[in-house]
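Read through the structure below, which is laid out as structure tokens, and then see the notes.
Any value given below was found using the heavy atoms of this structure, including those in side chains, with hydrogens, waters and symmetry copies removed. First the proteins, then the strands, lettered A, B, ... as listed; each starts at 1.
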Protein chains: 2
Amino acid sequence: MRAQRIGKANPAEDEAVYQAILRALLEGKLKAGTKLAETPLASIFGVSRERIRKVLHRLGAERRLEMIPNRGARVPRPTLEDVRRVYEAHRVLEAGVLSQLSLRIDEVLLARLDAHLAEERTAAQRGDRAASVRLSGAFHVHLVDALGNPELSRMLGDLLSRSSVMVSVYEPAAQSICAVDEHGAIVAALRDRDLLRAIAVSREHFLHVEGRLRLDEDEAAPTQDLAAVFAGRRPLRGKLRSA
Amino acid sequence: MRAQRIGKANPAEDEAVYQAILRALLEGKLKAGTKLAETPLASIFGVSRERIRKVLHRLGAERRLEMIPNRGARVPRPTLEDVRRVYEAHRVLEAGVLSQLSLRIDEVLLARLDAHLAEERTAAQRGDRAASVRLSGAFHVHLVDALGNPELSRMLGDLLSRSSVMVSVYEPAAQSICAVDEHGAIVAALRDRDLLRAIAVSREHFLHVEGRLRLDEDEAAPTQDLAAVFAGRRPLRGKLRSA
DNA sequence: ACAATAAAAAATGTGCACATTTGGCATGGG
DNA sequence: CCCATGCCAAATGTGCACATTTTTTATTGT
């Protein structure tokens with residue numbers, strides 16, 4: 001076994017840094033508007049600045065960070081309008097998915113959706129908020145995945161990851177749980193092969209969620225201690241500068 | 001006016017190289033499977049290898065090139081299955097767009113769509129194949145753009161750019177013109193506010209286009225003279241190595 | 001002659017030094 | 001007192017040299 005090279009060619013580092021920053025984004029630990037400078041991040045993760053640079057630009061290409069030429073990367077500060085647009089896109093995409101699903105719906109798929117609904121109800125009954133939120137989002141993922149089209153799944157994945165970041169800004173504290181009954185109503189409409197009703201119910205469902213959005217607009221605190229945010233993870237190499 | 005800097009910091013070069021390669025891709029001048037090595041491209045465009053590198057990775061992130069670690073960039077060689085998936089995604093997205101459009105359709109929008117249909121018919125009558133193809137694609141863009149949601153427009157744009165590359169591989173020579181009557185039928189269904197019919201017509205329309213796909217599978221000629229492909233454009237700097 | 005192996009050539013990936021740009025701060029004029 | 005102008009520090013962007021990996025070529029043994 002060769003010792004880990006300390007200075008050169010470690011392709012896994014890219015992914016590690018990428019995942020670390022991405023998770024911080026998805027978990028809402030990075031607040032909107034926070035500046036992500038290259039040099040501090042390089043110190044925190046103990047990797048070269050170029051590596052951070054590459055990851056930051058990659059996240060920018062995925063629209064998860066806002067890149068401004070010569071001015072670096074920031075956590076995007078979505079307008080309420082932006083959030084609405086993402087939600088509308090999700091709504092529109094799901095309408096299309098339902099129209100396609102209604103053509104190839106069968107008992108196997110319905111059974112799988114029913115099983116998921118049962119899981120959701122169980123989690124809701126035992127008051128498991130975290131599980132409820134997770135399963136609630138998973139329902140919509142199940143719908144697209146049922147079509148077996150990676151293109152569509154990826155499109156939804158992008159939307160979800162972006163809205164989940166937004167949720168942490170605008171949603172009132174973690175009460176963003178889709179009512180299980182509405183999910184059930186969608187499945188019921190699919191079972192009846194009533195496409196118009198399925199689309200209408202889905203639409204109503206999304207509008208309910210959108211209606212809960214609140215515009216907090218905390219202009220303050222664009223600065224944030226990055227070292228603290230990424231504290232949980234040990235540095236990839238030993239070079240973490242303590243202060 | 002300052003003379004163009006020859007060695008450093010020219011942000012416009014990124015975009016120029018990007019556009020050049022992208023256009024070559026969209027125009028089908030780069031055949032599927034062609035290897036895009038960094039060093040030759042740097043010579044051809046007369047820029048540093050790092051710049052080519054950045055552009056290639058960007059195109060890879062946009063899924064327009066296939067990037068393999070340590071092995072460089074290739075023009076993707078989509079399977080017929082891949083093409084079908086992109087077409088299906090387009091179909092599904094348009095169904096969703098129609099369902100949203102049917103809720104906010106008005107005379108202004110209908111008039112605009114009618115105008116576009118008239119343009120299409122005119123081009124078809126005078127046998128202008130190029131204009132027909134362009135307008136035919138533009139119709140679907142008009143539909144999403146009518147919703148005024150940049151997210152959705154971008155999603156469609158991605159799909160279109162990818163399928164247009166694919167078309168150059170699988171479509172029988174340039175006869176990929178949507179029948180204008182089918183576009184007209186979609187608008188007519190929208191005018192009647194008959195969502196189910198609009199979705200059905202749109203679906204049929206896409207299936208017609210998909211049905212014309214042919215699998216040529218010319219395994220040969222993965223190599224191609226890159227200098228010839230980009231010959232039309234003068235090098236950005238004077239360093240083009242003649243041979 | 002063929003296959004396997006090894007050496008060489010070419011292409012990709014990375015760290016570093018330096019160029020360029022931006023933002024803040026002090027200074028001076030209105 | 002406020003705004004404009006010009007330096008200075010800090011952050012981003014780029015070319016280059018070198019490390020690593022892949023691919024091609026040459027060699028040797030069976």
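Summarising the geometry, the separation between CE on A:Met67 and P on D:dG13 is reported as 6 Å, rounded to the nearest angstrom. Between the C1' atom of D:dT24 and the NZ atom of B:Lys35 lies a distance of 12 Å, rounded to the nearest Å. Atom pair A:Ile52:CD1 and D:dG13:C1' shows a separation of 16 Å (rounding to whole Å applied). For the pair B:Glu15 CD and D:dG13 C1', the interatomic distance rounds to 16 Å; values are reported in whole Å. Note: CD (A:Glu13) to C1' (C:dT14) measures 11 Å, nearest angstrom. Following rounding to the nearest Å, A:Leu65 (CG) and D:dT12 (C1') show an atom-to-atom distance of 15 Å. Rounded to an integer number of Å, the gap from A:Arg51 CZ to C:dT12 C1' is 14 Å. Between the CD1 atom of A:Ile68 and the P atom of D:dG13 there is a distance of 11 Å, given to the nearest Å.
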Protein-nucleotides 22-25 of chain C N/O pairs under 3.5 Å:
residue : atom : partner : partner atom : Å
C:dG23  : OP1  : A:Arg71 : NE           : 2.7
C:dG23  : OP1  : A:Arg71 : NH1          : 3.0
C:dG23  : OP1  : A:Arg71 : NH2          : 3.4

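Using a 4.0 Å cut-off, some side-chain N or O of B:His57 falls inside it from OP1 or OP2 of C:dG13. Remark: B:Arg53 is in phosphate contact with C:dG13, judged by side-chain N or O atoms under 4.0 Å from OP1 or OP2. Here B:Lys54 does not reach the OP1 or OP2 of D:dG13: none of its side-chain N or O atoms lies under 4.0 Å away. A close approach under 4.0 Å does not occur between any side-chain nitrogen or oxygen of A:Ser48 and OP1 or OP2 of C:dT14.
Counting heavy atoms from C-beta outward, A:Arg58 and A:Arg64 have side chains that stay 4.5 Å or more apart.
Proximity of the aromatic rings of B:Tyr87 and B:Phe206 is defined here by a centroid distance below 6.0 angstrom, and this criterion is not met.
Distance from the side chain of B:Asp14 is smallest to D:dT14 among C:dG15, C:dA11, D:dT14. Between D:dG13, C:dT12, C:dG15, one nucleotide has an atom nearer to the side chain of B:Glu50 than all others, and that is C:dG15.
For B:Tyr18, there are no ring-ring contact (aromatic ring centres under 6.0 Å, His included) partners at least two apart in sequence or on another chain. Remark: B:Asp128 pairs with B:Arg126 by the salt bridge (Lys or Arg N to Asp or Glu O under 4.0 Å) rule, at least two apart or across chains. Residues passing the side-chain contact (heavy atoms from CB on, under 4.5 Å) test with B:Ala146, sequence neighbours excluded: B:Leu101, B:Leu109.
The residue A:Glu38 sits close only to the backbone: its heavy atoms come under 4.0 Å of sugar-phosphate atoms, none of a base.
In the helix from C:dA1-D:dT30 to C:dG30-D:dC1, the rotation axis of the first five pairs and that of the last five pairs differ in direction by 10°, rounded to 10 degrees.
Rounding to the nearest 0.5 Å places CZ of A:Arg91 at 5.0 Å from CZ of A:Arg203. The distance from the CG atom of A:Leu65 to the CZ atom of A:Arg74 is 11.5 Å, given to the nearest 0.5 Å. Remark: B:Leu30 CG to B:Leu226 CG distance equals 7.0 Å, nearest 0.5 Å.
In this structure, A:His205 and A:His140 have parallel ring planes: the angle between them is below the 30° cut-off, well short of the 60° mark.
Side chain A:Arg49 to base D:dG13: a donor-acceptor pair is found below 3.5 Å.
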List the atom pairs, donor and acceptor, that lie under 3.5 Å between side-chain atoms in residues 147-160 of chain A and the rest of the protein, sequence neighbours left out.
residue  : atom : partner  : partner atom : Å
A:Asn149 : OD1  : A:Glu151 : N            : 2.9
A:Asn149 : ND2  : B:Arg85  : O            : 3.0
A:Asn149 : ND2  : B:Glu88  : OE1          : 2.6
A:Glu151 : OE1  : B:Arg162 : NH1          : 2.8
A:Glu151 : OE2  : B:Arg162 : NH1          : 2.8
A:Glu151 : OE2  : B:Arg162 : NH2          : 3.1
A:Ser153 : OG   : A:Asp145 : OD1          : 2.8
A:Ser153 : OG   : A:Asn149 : O            : 3.4

